[in-house]
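Reviewing the structure listed below.
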Amino acid sequence: NVAGLQVDLRLIVQYQLMFCQCVAQVSIQRCDAHGFGMWLVSRKQDGESIGMAGLVKRDFLRNVDLGYAFLPAGRGAGYATEAARAAYAR
């Protein structure tokens with residue numbers, strides 16, 4: 001049933017948006033609490049968002065940790081290394 005599938009797809013999209021909003025709120029709260037957090041990483045040449053990277057305070061680690069995640073378009077090109085250097089330089 002095509003109509004049922006469209007409803008299911010709308011629910012999936014709505015759930016994804018709610019999840020993204022929740023992740024953003026948690027990230028902002030952590031940044032406010034610790035003074036650092038994750039940044040969006042985008043390519044200089046075209047501005048495409050390719051991932052995120054930054055400093056993270058994890059409950060199970062004593063020290064600050066470097067965190068990153070990249071889409072396939074941002075993997076294997078040295079972006080994680082560049083982001084790590086920028087994070088530690090701040």
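Among all heavy-atom pairs drawn from L55 and V64, the shortest one is CB-CG1, 3.8 Å. Contact record, G54 with A87: CA-CB, 4.5 Å, taken as the closest heavy-atom pair. Across every non-hydrogen atom of G51 and L40, the tightest pair is O-CD1, 3.5 Å. Between A84 and L66 the shortest heavy-atom distance is CB-CD2, 3.3 Å.
Between atom CZ of residue F70 and atom OG of residue S49 there is a gap of 11.5 Å, rounded to the nearest 0.5 Å. If you take NZ on K57 and CZ on R62, they are separated by 9.5 Å, rounding to the nearest 0.5 Å.
Residue pairs meeting the side-chain hydrogen bond (donor to acceptor under 3.5 Å, both in side chains) criterion with at least one member in residues 63-73, sequence neighbours excluded: R58-D65.
Summarising the hydrophobic clusters (Ile, Leu, Val, Met, Phe, Trp, Tyr; side-chain heavy atoms under 4.5 Å, direct or chained), the residues clustered with L61 are F60.
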